[in-house]
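Reminder, nothing fancy here: chain letters follow the sequence lines and each chain counts from 1.
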Number of protein chains: 2
Amino acid sequence: MNELEVLKQHISKRMSLPEEELNAFVAAFTVKRIKKRQFIIQPEFIARVRTFIIKGAFRSYVVGAEGTDHTIQLAIDDWWISDYSSYIFQKPATMFVVALEDSIVAQIEYEAEQRLKREYHDIETFFRMAAEGLAAYHQRRIIASLTRTAEERYNDFIAAYPGMLEKVPQYAIASYLGVTTQFISKIRNKKAASKS
Amino acid sequence: MNELEVLKQHISKRMSLPEEELNAFVAAFTVKRIKKRQFIIQPEFIARVRTFIIKGAFRSYVVGAEGTDHTIQLAIDDWWISDYSSYIFQKPATMFVVALEDSIVAQIEYEAEQRLKREYHDIETFFRMAAEGLAAYHQRRIIASLTRTAEERYNDFIAAYPGMLEKVPQYAIASYLGVTTQFISKIRNKKAASKS
DNA sequence: AAAAACGGTTAACCTTGATTAACTTTTATG
DNA sequence: CATAAAAGTTAATCAAGGTTAACCGTTTTT
């Protein structure tokens, strides 16, 4: 049983596909090993693949005008990652996507995905639901940024994604939440103090 | 020629459908007139329809813990609006959606949309692309909130959506950008001063 | 095994944009 | 058309969270 089993289960959990279709879907992916600190996407280049994380951790980020970087997405086992706009519209990326630890991924090429969506109505539906879920997820993040303080956002985050806290460095979480590492330190400090 | 012509063109511009399919699609919509200040979605109720704006302006917002409201979306002619999560997952809404002026809309019911997506592969594709576009749009907004100052966000907004400035009140734009109306006043004031 | 790079902490000081409040202008309504 | 309600402005004060900088432990690299 190979590493693609994880992907197969990820798909099956979301949508029941006939055996043949599921096999065709999974067969379109290639398994790859990525070393810590290795980039899988860089600005200027077109994101030609969509990446599913079998095991590992990744971070996507943009570098702002002032040179500081801003985390767009954090992803661990069983998540997808890419420069979404670059992949969807097949235009040059604006983000970096980098491995935060040695990882194993499954990647599908843009053209292969298009072919599968055209050939199988169900796979089109799978990606439609995936995109809807992503849009809803993004919207929750927008609402959080409008309605919650930095401290609340941090507490919400660790409550919602406890797995991230273990795998992902503090600076990545800070820049995902739009705060500084110093401020996260302050929050953690305060929490520890109130617990004694 | 009725009001659904606008919707027909909106769809055709994004995807070329066979005549019969396009007609079936458009036939699933109902035209409605909505008065200024009328709500089309309210918290607790499930958003049963997706709304296309033929002519008019709408605002969706959530009310935060402290009682202040936060604009999630602004939409004018040729845009869609709803409580997205409520509609997609058919669970109770958390947002208000209100008309900012007397408007004409075309609405499709959740079940009718599901039926069309199941029956026509092309319509499934249409909604897949719409969801992808929305996810990409939301992501741009997240990036802006992480990388740009309040003043930059305001200037970016009026540059990107000049039509909004005319139709949508200042307080709605302010709360969409996550700033106060007082601060917008300050920015506008500063800009006017530097232009003399 | 030493040096360098990376990740995190602490603290003083500062800036952006919020809050409060009084006031003006515009739009709705009986 | 008169009054109320809604929308926008101005200015003083304040707080959340950023900046700068020094320091420390832990990985990585040579």
Between [N] ([atom2]) and [X] ([atom1]): distance, integer Å:
X	N	atom1	atom2	value
Ile173(A)	dT9(C)	CD1	P	11 Å
Glu101(A)	dT27(D)	CD	P	14 Å
Lys167(A)	dG7(C)	NZ	P	17 Å

Sequence neighbours left out, cut at 3.5 Å: what donor-acceptor pairs do the side chains of residues 41-58 of chain A make with other protein atoms?
unit_1	atom_1	unit_2	atom_2	d
Arg50(A)	NE	Glu113(A)	OE1	2.9
Arg50(A)	NH2	Glu113(A)	OE2	3.1
Thr51(A)	OG1	Gln107(A)	NE2	3.0

### Message
Please encode protein proximity along nucleotides 6-22 of chain D as a string of B, S and -, counting only heavy-atom distances under 4.0 Å.
### Response
SSSBBB-----BBBBB-

### Message
Please enumerate all residues that pass salt bridge (Lys or Arg N to Asp or Glu O under 4.0 Å) together with Glu101(B), with sequence neighbours excluded.
### Response
Lys167(B)

### Message
Taking side chain to side chain donor-acceptor pair (under 3.5 Å) as the cut-off, I'd like each qualifying pair that reaches into residues 172-182 of chain B, sequence neighbours left out, listed once.
### Response
Thr71(B)-Ser175(B), Tyr137(B)-Tyr176(B)

### Query
Residues in side-chain hydrogen bond (donor to acceptor under 3.5 Å, both in side chains) with Arg33(A), at least two apart?
Glu3(A)

### Query
Residues in ring-ring contact (aromatic ring centres under 6.0 Å, His included) with Phe96(B), at least two apart?
Phe39(B), Tyr61(B)

